[in-house]
Amino acid sequence: MSLVSARSGTSRSLLRLSLSSRQSEALTGILMASPWILGFLIFIVGPMLVSLYLSFTRWDLFTEPRWIGLRNYEQLFLRDAKFLLSLKVTTIYAFVSVPLQVSLGLVLANLLNQKIRLLGFFRTVYYLPSVIGGIAVAVMFRWIFGTQFGLINGMLATLGIQGPSWLGDPDLVLVSFVLMSMWGAGASMLIYLGALQGIPTELYEAADVDGAGNLARFLRITVPMMTPVIFFNMIMGIITALQEFVLPFIMTRGGPANSSTFLVLYLYRNAFELFKMGYASAIAWIIFIYIMVLTIFIIRSSSMWVYYEGSLKGR
Amino acid sequence: MAQRTARLPAQGSDTRWSEQAKRLSIYLVLLAGAIIVFIPFAWTLSTALKAPDRLAEFPPRWIPDPVVWGNFPEAVTIKPFGRWFLNTLFVVGVATTGTIMSASLVAFSFARLRWPGRNLLFLVLLATMMLPDQVTLIPTFVLFRHLGWVNTYLPLVAPPFFARNAFFVFLLRQFFMTIPLDLDDAARMDGASYFQIYLRIMLPMSKPALAVAAIMFSQFKWKEFLAPLIYLNKQEMFTVSLGLRTFIGESWGTEWHLMMAANIIFMIPLILIFFFAQKYFIQGVVITGVKG
């Protein structure tokens, strides 16, 4: 009986006891996990299937959904310029802002990973933006980016420079969003700082013995040892950025000329302002597939550039 | 780093001087960063204390003249702000309780009990952390609407009781894994049930991790925007995050001084909790390697 563990002896009564206790353990286990299992079925599996179905229908929430096959998807990819634009701007935003945030976070972490005073103070300050996050940041920056009375343009004007229309110029609005996202880059610093402090000092000592310079130490030890963390946070960051909603919703309402209508905002408009539930579901599935493909791609390619200590890949 | 500083004195004053310069430049960079982080906060506070006719002053004035403290009471009285605040406290309180209860129970099961399919389901649970919410948004809305839950707080507080946020299961499970198994075994010997082990051993031993989870979740819930936006459409039912939006004028008339005062009131609980519970934030990052 492989079910009998080493410590439960061999006598018959013990065997029976341990069998039934195994069963009761399994039963209790499932019972205790059941809130999540139920939630998973009710709030994830069910809705996913329904939204997949809805994405093949036309539905205004009030009449019966009407099956239209792939027409929502056809419409989105072939005829909906707004959607294609939103796909484009969301992608640009995510793929520009996240690597920049990661880089800045890494630089800050490296700066803080020295024997410096006020470490706690800097750590707190840099983490602060992500504590308030979301709507509060959007409200602040809407005011700061203001064309006429905004702080940035006010400061520029004192230098005699006429500031641009940060949120009102289609060519500039993404730049403004990326700049704003950099403001919150300090949050990831905390993670990198932890990872840096986890690198065994023997590695650096060995490098010193070999006469490696600072740059070599950084490139050959620090970066490889950090790649799992960088990699993980990069994926999570991009996934989050692709779902950005509050910033454009509050700051620009997706404008000007839809140049900041991110995917989720476009979905929200279709679902809750135009009541095109089928169409919006198709957008949701495109976002989902986009994120899934991206995740799988990054995980697949990770073996090429992510270094895991020891031979065990993954965890 | 220690070995680097240890090597230095031997190399003469030149290197020491350049080391000093390097340290100084590091401080300067860090300080500049800190100032950049502070500026938006400072400007928000400055705006919140300005008279409406001083908002457009040029050049921008940091210290308002006159200082109008009255913006704060005005901001909270022209809107049902007190009600919003209580609404949010209620939602955050109930939802956090739900998350902690369900997530800790589920995490205990995944960390400690052996049952068929557990490992597979744990992978599924991890995968749901990557799932974009949008893909479930519309059917969930349809379901809650069908149940008559629109304009109630149920859509905001019911899902947490089903550990809808898998991240917190993951966080607590990671922590439970670090508690020695001997404790469970000893308790089993004494005839304790699994539920008693969970309640009497795991929970008391995991207070720091539970605090991390409670703080991270309540902060997330305080800031939550899309769900309240979809489910709440009576103004007196709003949460503060949703209420903030009402200060934005539809076309031209945003009263920025009031908006910023409201924004500060919204941020105060977040910042206060952060300051008092900083070590928990850092711990959350350490346990999971993710910034919540």
Side-chain angles (χ1 to χ4, degrees), chain A residues 25-26 28-30 32-33 35-36 38-39 43-44 47-48 50-51 54 111 114-115 122 124-126 128-136 139-140 143-144 149 151 154-155 158 187-188 190-191 194 204-205 208 229 236 239 243 245-246 264 267 271-272 277 280-281 284-285 287-288 291 295, chain B residues 1 3 26 29-30 33-34 37 40 43-44 47 55-56 58-60 102 105-106 108-110 113-116 118 125 128 130-132 134-140 159 161-164 169 194 223 225-226 230 241 244-245 256 259-260 263 266-267 270-271 274 278 282 285-286 289-291:
Chain A
E25 179 177 348
T28 318
I30 293 171
M32 284 179 146
W36 175 76
L38 277 177
F43 296 118
I44 295 179
M48 276 182 76
V50 174
S51 79
L54 287 176
L111 289 181
Q114 328 242 358
K115 282 215 173 66
F122 286 123
T124 307
V125 171
Y126 288 141
L128 208 52
S130 71
V131 169
I132 61 152
I135 171 110
V139 165
M140 270 184 184
W143 175 223
I144 286 172
F149 309 125
L151 177 64
M155 306 271 253
T158 54
S188 58
L190 209 60
I191 299 161
Y204 290 111
E205 281 157 18
D208 276 355
V229 177
M236 295 311 275
I239 291 177
Q243 298 175 62
F245 170 77
V246 180
V264 180
L267 183 155
F272 299 101
M277 292 294 173
S281 297
W285 267 81
I287 298 175
F288 170 58
I291 287 176
T295 311
Chain B
M1 284 306 120
Q3 77 280 6
I26 287 175
V29 172
L30 288 174
V37 170
W43 190 241
T44 301
T47 307
L55 290 174
F58 181 85
S102 62
L105 196 66
V106 174
F108 176 76
S109 175
F110 276 115
L113 302 174
R114 283 155 298 185
W115 40 278
R118 183 191 72 170
L125 181 135
T128 63
M130 304 241 180
L131 188 79
Q134 295 80 42
V135 78
T136 58
L137 183 73
I138 291 168
T140 310
F161 283 88
F162 295 88
R164 175 64 179 82
V169 178
Y194 292 112
K223 292 181 273 191
F225 185 77
L226 184 55
I230 290 173
S241 67
L244 276 183
R245 187 170 81 105
W256 286 105
M259 164 116 235
M260 290 297 148
N263 202 17
F266 171 74
M267 289 190 289
L270 295 170
I271 293 176
F274 172 64
Q278 261 192 75
I282 291 163
V285 171
V286 171
V290 199
K291 57 162 201 261

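Order of the sequence lines fixes the chain letters, A, B, ..., with proteins taken first and strands second; residue numbering starts at 1 for each chain.
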Inset, instruction - Report the option among B:Leu125, B:Val169, B:Leu131 that has the most heavy-atom pairs separated by less than 4.5 Å from atoms of chain A. - result: B:Leu125
Legend entry - Gap between atom CE of A:Met32 and atom OH of B:Tyr194 - 0.5 Å precision: 10.0 Å
Legend entry - B:Leu137 CG to A:Met277 CE distance, which is reported to the nearest 0.5 Å: 8.5 Å
Legend entry - Atom pair OG (B:Ser109) and CD (A:Glu25), whose distance is rounded to the nearest 0.5 Å: 9.0 Å
Inset, instruction - With a 4.5 Å cut-off on heavy-atom pairs, point out which of B:Phe225, B:Trp43, B:Phe161 contacts chain A the most. - result: B:Trp43
Legend entry - Closest heavy-atom pair and its distance - B:Pro60, A:Leu151: CB-CD1, 4.1 Å
Legend entry - A:Phe43 versus chain B, the contacting section by heavy-atom distance below 4.5 Å: both
Legend entry - Contact summary for B:Val135 and A:Ala284, nearest pair of heavy atoms: CA-CB, 4.0 Å
Inset, instruction - Describe, in one word, how the ring planes of A:Trp143 and B:Trp256 are oriented to each other, choosing from parallel (under 30°), tilted (30 to 60°) and perpendicular (over 60°). - result: parallel
Legend entry - Residue among A:Gly194, A:Gly134, A:Ala136 with most heavy-atom pairs under 4.5 Å to chain B: A:Ala136
Legend entry - Backbone N/O of B:Pro139 and side chain of A:Ser51: donor-acceptor pair under 3.5 Å: no
Inset, instruction - Considering only heavy atoms and a distance below 4.5 Å, find which of A:Ile287, A:Val246, A:Ile30 pairs most often with chain B. - result: A:Ile30
Inset, instruction - For residues B:Pro132 and A:Gln243, report the shortest heavy-atom separation together with the two atoms involved. - result: CA-OE1, 3.4 Å
Legend entry - Close side-chain approach of A:Thr124 and B:Phe274, heavy atoms under 4.5 Å: yes
Inset, instruction - Taking the side chain as every heavy atom from C-beta outward, state whether B:Met130 and A:Ile291 have any pair of such atoms under 4.5 Å apart. - result: no
Legend entry - Minimum heavy-atom distance B:Lys223-A:Ile132, with the two atoms named: CD-O, 3.1 Å
Legend entry - Gap separating the CD1 atom of A:Ile44 from the CZ atom of B:Phe162, nearest 0.5 angstrom: 12.5 Å
Legend entry - Toward chain B, the part of A:Thr158 with a non-hydrogen atom under 4.5 Å: both
Inset, instruction - Specify which of B:Thr44, B:Ile230, B:Thr140 makes the most heavy-atom pairs with chain A at under 4.5 Å. - result: B:Ile230
Legend entry - Gap separating the OH atom of A:Tyr126 from the CG atom of B:Leu30, nearest 0.5 angstrom: 4.5 Å
Legend entry - Residue pair B:Leu55 / A:Phe149, side-chain heavy-atom distance below 4.5 Å: no
Legend entry - Part of B:Met260 lying under 4.5 Å from any heavy atom of chain A: side chain
Legend entry - Heavy-atom closest pair, residues A:Gly29 and B:Leu113: CA-CD1, 3.5 Å
Legend entry - Contact summary for A:Val131 and B:Leu270, nearest pair of heavy atoms: CG1-O, 3.6 Å
Legend entry - Interchain contact, A:Ile239 with chain B, by part (heavy-atom threshold 4.5 Å): side chain
Inset, instruction - Select one option (side chain, backbone, both, neither) describing which atoms of B:Thr128 are under 4.5 Å from chain A's heavy atoms. - result: side chain
Inset, instruction - Could you tell me the separation between the CG atom of B:Leu226 and the CG atom of A:Leu267, rounded to the nearest 0.5 Å? - result: 9.0 Å
Legend entry - Top contributor to chain B contacts, counting heavy-atom pairs under 4.5 Å, from A:Thr295, A:Val264, A:Leu38: A:Val264
Inset, instruction - Would you mind checking which part of A:Phe288 comes under 4.5 Å of any heavy atom in chain B, side chain (CB onward), backbone (N, CA, C, O), both or neither? - result: both
